[in-house]
Amino acid sequence: MPPRNHLELLLLLPELLSAASSNLVRAKSSSTPRGYPSAYSCVVALDSRQSTVLYCMWAIVPEGVLQSFGITYYPNKQWVLIIPAYLIMCVLFLYWVYESLNMISVPKTSSLTALLDSSCKWITELGLHNAVGPTQHSIPPLVHMPPPLVSR
């Protein structure tokens, strides 16, 4: 039976809170996944379209028309150009930072780490006399080639 007045509602409040908390505990302990990713993506798509329409309307519609609709608080029209220019510069800056970090992490060409790594094997380690001679295998083993042999 629903409560008839505010006093009855206040008296029922502890019971309602305990029932709600027990339902919440049961919902958290269930093993079913929560949320619907397709619903989230639909909301994001609709929100981005609405934001784009509002941005274009703010950019195109004159201030007098906006004020006649009762919209009196909005940013200056100079931000119509500043926001896209700022976003483009941020993207270009991210490309520049990414390329700079790659250049920092690559060793210099004069460094031996550019030529050798932990899996590199020398010809002498495998018991071979030279890298171009015949072997008893059909495919010669993978070895480090000395620079004079490579640049013949």
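Keep in mind the model is a prediction, meaning the values are calculated, not measured.
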Donor-acceptor contacts under 3.5 Å from residues 98-105 side chains, at least two apart:
{"residue": "Ser100", "atom": "OG", "partner": "Trp96", "partner atom": "O", "Å": "2.8"}
{"residue": "Ser105", "atom": "OG", "partner": "Leu101", "partner atom": "O", "Å": "3.3"}
{"residue": "Ser105", "atom": "OG", "partner": "Asn102", "partner atom": "O", "Å": "3.0"}

Please tabulate, for the side chains in residues 42-59, all donor-acceptor contacts under 3.5 angstrom to protein atoms that are two or more places apart in sequence or on a different chain.
{"residue": "Ser48", "atom": "OG", "partner": "Val44", "partner atom": "O", "Å": "3.3"}
{"residue": "Ser48", "atom": "OG", "partner": "Ala45", "partner atom": "O", "Å": "2.8"}
{"residue": "Ser51", "atom": "OG", "partner": "Asp47", "partner atom": "O", "Å": "2.8"}
{"residue": "Thr52", "atom": "OG1", "partner": "Ser48", "partner atom": "O", "Å": "2.8"}
{"residue": "Tyr55", "atom": "OH", "partner": "Val80", "partner atom": "O", "Å": "2.7"}
{"residue": "Trp58", "atom": "NE1", "partner": "Pro75", "partner atom": "O", "Å": "3.3"}

Distance in Å, Ile83 CD1 paired with Ile88 CD1, rounded so as to fall on 0.5 Å steps: 12.5 Å
Remaining members of hydrophobic cluster (4.5 Å side-chain criterion), Tyr86: none
Side chains of Leu87 and Val91 in contact at under 4.5 Å (non-hydrogen atoms): no
Connected via hydrophobic side-chain network under 4.5 Å: Phe93 and Met89: no
Residue pair Leu66 / Lys77: nearest heavy atoms and the distance that separates them: CD1-NZ, 4.2 Å
